[in-house]
Amino acid sequence: MSTPSPASLGYGAEEEEEEERGKGAEAEEERGEATKTVKAEAGEDGGSDALINVKVQSQTADDVFFRVKRDLKLRRLMDMYCGKHSLHPKAVLFLDPVGRTIRPNQTPNEVGLDDGDAIHIMLTQVGGGARARHTSA
């Protein structure tokens, strides 16, 4: 007669479910389909629990999807993206769907992001804005 496992008795079922979800999340992330939830910073009130999915598109990397609260500052999203892609936050510009710069202290509501909108990442460029001067002989 076999001894029942703790999982079959109901103990540890949550751990097994989390492990299964973790395997699926890794596969989704490899395919660029992962959705990450950004948790609220300490001291912020969770007045609105409305979550939106935001796609972050880059010139150089695959698209990354985030699920964020509408009233959460976008600094966390920016820091997570830059950390994952080894970028300095000041070396990139985050642009809303219209093309305006997004500041870290703004929320999706302030920016006007809706569910499914995309944030574009542009590498900042220093110089190169002046017109070249040619002298004719």
Side-chain angles (χ1 to χ4, degrees):
M1 185 164 139
S2 65
T3 307
S5 69
S8 66
L9 294 174
Y11 303 112
E14 293 84 9
E15 289 84 6
E16 287 182 8
E17 289 175 11
E18 285 180 17
E19 187 175 307
E20 290 297 319
R21 275 188 252 131
K23 290 177 185 175
E26 290 172 4
E28 286 179 353
E29 188 170 302
E30 288 176 11
R31 292 189 307 261
E33 299 173 0
T35 302
K36 296 185 180 183
T37 303
V38 179
K39 296 183 181 175
E41 293 181 24
E44 289 185 351
D45 294 333
S48 173
D49 288 340
L51 292 172
I52 61 171
N53 294 314
V54 178
K55 177 170 50 170
V56 180
Q57 296 178 324
S58 172
Q59 296 171 314
T60 58
D62 291 334
D63 296 344
V64 180
F65 295 86
F66 291 94
R67 180 176 293 159
V68 295
K69 289 185 178 180
R70 290 186 178 273
D71 59 349
L72 176 70
K73 292 186 179 182
L74 291 170
R75 178 181 309 277
R76 296 271 311 230
L77 179 144
M78 294 175 176
D79 290 343
M80 285 181 66
Y81 183 86
C82 290
K84 179 178 178 175
H85 294 286
S86 301
L87 298 170
H88 192 277
K90 299 216 183 233
V92 293
L93 288 175
F94 291 83
L95 305 173
D96 67 3
V98 180
R100 296 176 298 211
T101 302
I102 298 174
R103 294 185 310 276
N105 60 348
Q106 289 180 305
T107 65
N109 279 341
E110 294 171 349
V111 174
L113 291 175
D114 293 321
D115 191 35
D117 279 351
I119 294 176
H120 301 280
I121 306 292
M122 298 292 178
L123 299 173
T124 56
Q125 177 179 340
V126 179
R131 215 164 76 185
R133 296 185 185 179
H134 298 283
T135 58
S136 55

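Model, not experiment: these values are computed from the prediction.
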Which pairs pass ring-ring contact (aromatic ring centres under 6.0 Å, His included) with one or both residues in residues 93-115, sequence neighbours excluded? none
Quick one: do M78 and I102 satisfy side chain to side chain contact (heavy atoms under 4.5 Å, CB included)? Show the steps, please. CA-CA 10 Å; M78 294 175 176; I102 298 174; 3.5 Å; yes
Would a single hydrophobic cluster contain both V92 and L95, if residues Ile, Leu, Val, Met, Phe, Trp and Tyr are joined by side-chain heavy-atom contacts under 4.5 Å? no
Spacing of [X] atom [atom1] and [Y] atom [atom2] [to the nearest 0.5 Å]:
X    : Y    : atom1 : atom2 : result
L113 : L77  : CG    : CG    : 9.0 Å
L51  : K69  : CG    : NZ    : 7.0 Å
L72  : I52  : CG    : CD1   : 10.0 Å
T60  : M122 : OG1   : CE    : 10.5 Å
K55  : I119 : NZ    : CD1   : 12.0 Å

Only pairs at least two apart or in different chains count here, so list each side-chain hydrogen bond (donor to acceptor under 3.5 Å, both in side chains) that has a residue in residues 86-97. D96-R100
Side-chain heavy-atom pair [X], [Y] within 4.5 angstrom cut-off:
X   : Y    : answer
S58 : L123 : no
V56 : D63  : no
V68 : P108 : yes

Check the pair H85, I121 against side chain to side chain contact (heavy atoms under 4.5 Å, CB included), reporting the backbone distance first and the verdict last. CA-CA 12 Å; H85 294 286; I121 306 292; over 6 Å; no
Which of these, N105, D79, V111, T107, sits in a side-chain contact (heavy atoms from CB on, under 4.5 Å) with L74? V111
Non-hydrogen atoms of P89 and C82 that approach each other most closely: CA-SG, 3.7 Å
With sequence neighbours left out, which residue pairs that include part of residues 110-123 fulfil the salt bridge (Lys or Arg N to Asp or Glu O under 4.0 Å) condition? none
Evaluate the criterion side chain to side chain contact (heavy atoms under 4.5 Å, CB included) for residue pair N53 and F65; output intermediate values, then yes/no. CA-CA 7 Å; N53 294 314; F65 295 86; 5.7 Å; no
